[in-house]
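Proteins come first, then strands; the chains are lettered A, B, ... in the order of their sequence lines, and each starts at number 1.
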Amino acid sequence: MRVLSLIRSRFAPVLANWLTEPDALNAALERIVASREAGLADYQANVAMPLQKKLGKPPLAIAEEIVSHVDLSDLCESVTIAGQGYVNLRLSPKWLAQCLMEAHADPERLAVAPVATPKTVVIDYSSPNVAKPMHVGHIRSTVIGDSITKILRFLGHKAISDNHLGDWGTQFGMIIYGYKNFRDDVAYAQAPVAELSRLYRVVQRIIGFQDAVASIPKLELALTKAEQKLTESKAKSAAAPQDKKLAKEIAVAARQLDEANEELQKAKTSIEESSQDHDFIERSKQHAELGQRVLKETAKLHSGDRENLELWEAFVPNCKDEIHSVYTRLNIQFDHEFGESYYHEMLPAVVEDLLAKSLAVQSGGAICVFLDGYEAPMIVQKQDGAYLYSTTDIATAVFREREFGPDASLYVVDHRQSEHFQKLFDVLRKIGLTHTELKHVEFGTVLGEDGKPFKTRSGTVVGLNSMLDEAVSGAYEVVCDPDRLLKSGYAFTDAEKREISETVGLGAIKYADLCHNRTSNYVFDMKKMVQLQGNTAAYIQYSYARTRSILRKAETDGIETSKWLDAPLVLIEAPELNLGLQLLRFEDMLNQSMVDYLPNVVTEYLFETAKLFSSFYDQCSVLGAETPESVLSRLRLIDLTGITLRKGLELLGIGVVERM
RNA sequence: GCACCUAUAGCUCAAUUGGAUAGAGCAUCGGUCUACGGAACCGAAGGUUUCUGGUUCGAACCCAGAUAGGUGUACCA
């Protein structure tokens, strides 16, 4: 039910008397909102105060005039003026019940009408490198993108999801090099993906070591410079001890010195550690300047070298299988998975086009697009002729434009790439993609408890699969605690226990990610989300299970579904009304969540709904209600509550179980 | 150096994009109830929204400055 637009439509003719410009009128109408203070109002219109200057009247007088002209008698039981000029609306319980019955009669869509003007939206999300196992860093893009896709579709938009797999970059040069030089044939035959991933790590370690060795002189130079700077600052400050700026300069210089020192030490330690490993050092010597060699393998692949292409063709399906197993487990599907390799042949044309339009120029041997406001250009072709991910991104956008003609294109990618996307969008607009809304749906980093990017104790990134396993086993311990299950009075089979743990565990991970405002960093705390208390998926899943439990109990008590399914809904007690009002807001909430693509609007709504249900559950007996009519009405209300919770979770990609 | 982002309760986070007395969850303290499933409910305590100014009828939100942190910054993706 679109309550807001209905209420706004009632105010519109009155406000139009004063606000003749459509923009001003719309801005005023948008100040009619759901009230935050349940005690004061259900909905409120904050329209009188801003008009006081324009009309030269006190806001209370304006509010009175508005109230006397707006006709809300069929929707509201009261329209009052409060505070400095707020118009407060209280919905009529009868109308509220009427709306809820309509929603309940349509359990699939909850009477949510498809949008009048559907948009075609391409959503680019997840996009892992297929050469390495997925890790914790992929969870946000995957879960947020999936949820946005589902919500847009439910609202009636055409959402096209595309997993822009990294299947063509340097990482394949690494694997190819590793395969040619370090492979273990037996291991490869037994478990190709594990062996490829090992080869990737072997190559990466050598490159890391060689880079570290190469960086020592630079780091030492930086250290010396930092020392000099500190000494200079101290000398200057000694001459002018009052100068605050100089004091600050010293602090900054000291910090930079610390950082330089730390970096140098880190490099030295890692070199030291590797030096103990004689086989490794021997290998590193044999494969000097491995980074360059890897780039050559990559270049050979890109230029169509038969051997490398055949290896690539052999590797990619295996790598994809590995990644798909994770998606299967997470119950996530994509419409398309073109991947970077798909655009390979389009890249020369992209560069030629940019050159022809004089947008790109040669600089330092590379072909670059210089953009206003940025120091560094966007490089589209390297000195050695190779293309970069920016080139692929341009080709991809052009392809999507041609193929799908989207109204909007969303990139669900880490906030660290925001400059890349700003530049990309700049370039895309310059080559004519002006009527598509291009949006970087950025999100913050997942941090460990130390406030640094989430890593395991040994400092390696956390694999996604093992993280999911941990969540599921954590959920099992809590949900399938023998004492708890005993109290439920139901004998759960092992299969049921496993299904519940899987649903609750994966839900915990997804929900923990979605419930934070996507733009901020958040601290990952497995213990907290697995404890299943507070604002977690489990609390909501449990609320759902309770609604089902009551309905089962009713059935065994002889109240068949048919008796309450069409029964009149009558809302009298405060907990009933509060819950009902919340359920009424489902559609407005979904639209709100898509204004800026914020799934946490949905999680918040569901948590609030579950809390209102718990409160209702505690204060209003359903099966023990005073009149038979009330029993039927309440059964219908909790069924609608359950359906709403289930649908909301479904739009977040989270499942429910009938009992847990 | 330059650019962008962030700063809210002890901790982790919200705040319908400028609306009323800044809200939740953990943690702390107190209370309820033989239960339609206690993973519950009700309540208390906890805040100069980093600081200083400004704009506005109204500011956590907008502007300026300061402080502290993060990220990015020419051929990785």
Side-chain angles (χ1 to χ4, degrees), chain A residues 4 30-31 33-37 40-41 44 46 48-50 52-53 58-59 82-86 88 127 129 166 168-171 248 291 295 340 363-368 373-384 386 388-390 392-393 414-420 422 442 444-445 451 478-479 481 484 487-490 515-517 519-523 525 528 531-536 538-539 541-543 545-546 549-554 557 585 588-589 592-593 595-596 600-601 604 607-608 611 614-615 617-625 631 634-635 638 659-660:
Chain A
L4 277 177
E30 276 177 21
R31 279 194 290 273
V33 294
S35 179
R36 243 193 286 230
E37 277 297 325
L40 296 171
Q44 61 182 16
N46 312 319
M49 296 82 84
Q52 58 189 302
K53 257 203 182 141
Q84 314 145 43
Y86 297 95
N88 286 342
S127 311
N129 281 332
W168 195 244
T170 316
Q171 70 271 23
K248 195 189 153 189
L295 285 181
E340 292 179 329
S363 170
I367 298 179
C368 309
Y374 302 99
E375 280 177 36
M378 172 175 252
I379 298 174
V380 291
Q381 188 170 14
K382 299 200 291 185
Q383 278 180 337
D384 63 8
L388 294 110
Y389 78 128
S390 48
T392 311
D393 276 357
D414 194 290
H415 72 290
R416 281 175 286 199
Q417 294 199 39
S418 63
E419 189 173 312
H420 164 70
Q422 280 168 24
E442 59 191 314
T445 314
V478 182
V479 177
D481 175 71
R484 201 183 87 72
K487 272 191 237 163
S488 77
Y490 174 80
C515 76
H516 298 102
N517 182 314
T519 56
S520 48
N521 297 344
Y522 80 93
V523 176
D525 187 346
K528 207 160 121 184
Q531 266 172 0
L532 313 175
Q533 289 168 358
N535 188 3
T536 62
Y539 178 76
Q541 289 167 323
Y542 175 63
S543 299
R546 283 171 119 184
S549 173
I550 298 175
L551 297 174
R552 278 194 302 270
K553 181 90 174 8
D557 286 1
R585 289 175 173 165
D588 282 336
M589 175 282 296
Q592 179 62 39
S593 82
V595 169
D596 215 6
N600 71 309
V601 170
E604 227 165 284
F607 182 49
E608 187 64 30
K611 275 197 292 185
S614 287
S615 186
Y617 178 90
D618 200 63
Q619 291 168 52
C620 303
S621 182
V622 174
L623 298 178
V631 171
R634 284 178 181 176
L635 281 170
I638 60 160
R659 45 176 123 226
M660 59 189 274

A/Tyr389-B/C76 aromatic stacking (under 5.5 Å, under 30°):
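Not stacked: fails the 5.5 Å / 30° test.
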
[N] to [M] separation - [atom1] atoms, rounded to the nearest Å:
N	M	atom1	value
B/A60	B/C13	C1'	14 Å
B/G25	B/A39	C1'	14 Å
B/A77	B/U67	P	38 Å
B/C63	B/A27	P	39 Å

Would you indicate what [X] reaches in the nucleic acid, counting non-hydrogen atoms under 4.0 angstrom: base, sugar-phosphate, or nothing?
X	value
A/Gly624	nothing
A/Asp596	base
A/Met589	nothing
A/Asp384	nothing
A/Pro59	nothing
A/Asp588	nothing
A/His415	nothing
A/Glu442	nothing
A/Gln84	base

Consider the side chain of [X], meaning its heavy atoms from C-beta on, and name the nucleotide among [options] that approaches it most closely.
X	options	value
A/Val523	B/C13, B/C42, B/G37	B/C13
A/Met49	B/C57, B/G37, B/A39	B/C57
A/Arg416	B/A74, B/C13, B/G72	B/G72
A/Ser621	B/A39, B/A24, B/C36	B/C36
A/Tyr617	B/G19, B/C36, B/U12	B/C36
A/Leu295	B/A39, B/A74, B/C76	B/C76
A/Asn129	B/A77, B/U17, B/U56	B/A77
A/Val479	B/A74, B/C57, B/A39	B/A39
A/Ser614	B/A77, B/C41, B/A20	B/C41
A/Pro50	B/C57, B/U71, B/C36	B/C57

Heavy-atom closest pair, residues [X] and [Y]:
X	Y	answer
A/Ala34	A/Leu4	N-CD2, 4.0 Å
A/Met378	A/Ser390	CE-CB, 3.6 Å
A/Gln171	A/Asn129	NE2-OD1, 3.1 Å
A/Glu442	A/His415	OE1-CB, 3.3 Å
A/Gln52	A/Pro59	OE1-CD, 3.4 Å

Write out a two-atom table: protein N or O, nucleotide N or O from nucleotides 1-4 of chain B, distance below 3.5 Å.
{"from": "B/G1", "atom 1": "N2", "to": "A/Glu375", "atom 2": "OE1", "distance (Å)": "2.7"}
{"from": "B/G1", "atom 1": "N2", "to": "A/Glu375", "atom 2": "OE2", "distance (Å)": "2.5"}

Between the base of [N] and the side chain of [X], is one N or O donor paired with an acceptor at under 3.5 angstrom?
X	N	answer
A/Asp393	B/A77	no
A/Ser35	B/A20	no
A/Gln417	B/G72	no
A/Gln44	B/A20	yes

Presence of [X] side-chain N/O under 4.0 Å of [N] phosphate oxygens OP1/OP2:
X	N	value
A/Lys611	B/A24	no
A/Ser615	B/C41	no
A/Ser520	B/A14	yes
A/Ser549	B/G37	yes
A/Tyr539	B/C41	yes

List in chain and number order the residues that pass salt bridge (charged side-chain N to carboxylate O under 4.0 Å, His left out) with [X], two or more places apart in sequence or in another chain; answer none if no residue qualifies.
X	answer
A/Asp525	none
A/Asp557	A/Lys553
A/Glu37	none

Identify all stems in which RNA chain B takes part, counting only runs of at least 3 consecutive pairs (Watson-Crick or G-U wobble, each distance under 3.5 Å), and give each as one range with another, ordered by first number.
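Result, WC/G-U stems under 3.5 Å: B:1-7 with B:67-73, B:10-13 with B:23-26, B:28-32 with B:40-44, B:50-54 with B:62-66.
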
How do A/Asn517 and A/Arg552 order along RNA chain B: which one's closest nucleotide is nearer the 5' end?
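Residue closer to the 5' terminus by nearest nucleotide: A/Asn517.
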
So, is B/U50 syn or anti if syn means the angle is within 90° of 0?
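Anti for B/U50; the angle lies over 90° from 0.
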
With a 3.5 Å distance limit and no angle check, can you tell me whether A/Gln592 reaches the backbone of A/Val601 through a side-chain donor-acceptor pair?
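Not at all, since once roles are kept as given, no pair shorter than 3.5 Å links the two residues.
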
Using modelled atom types and a 3.5 Å cut-off, is there a donor and acceptor pairing between side-chain atoms of A/Ser615 and backbone atoms of A/Lys611?
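Looks like no, no N/O pair under 3.5 Å.
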
Strictly by modelled atom types, are A/Ser35 and A/Tyr86 linked by a side-chain donor-acceptor pair under 3.5 Å?
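No, no side-chain donor-acceptor contact under 3.5 Å.
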
Could you check whether the rings of A/His420 and A/Tyr389 sit parallel, tilted or perpendicular, using 30° and 60° as the cut-offs?
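Parallel: the ring planes of A/His420 and A/Tyr389 meet at under 30°.
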
Just jot down the side chain to side chain contact (heavy atoms under 4.5 Å, CB included) partners of A/Arg659, sequence neighbours excluded, or say none.
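Applying side chain to side chain contact (heavy atoms under 4.5 Å, CB included) to A/Arg659 gives A/Tyr490, A/Phe492, A/Arg552.
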
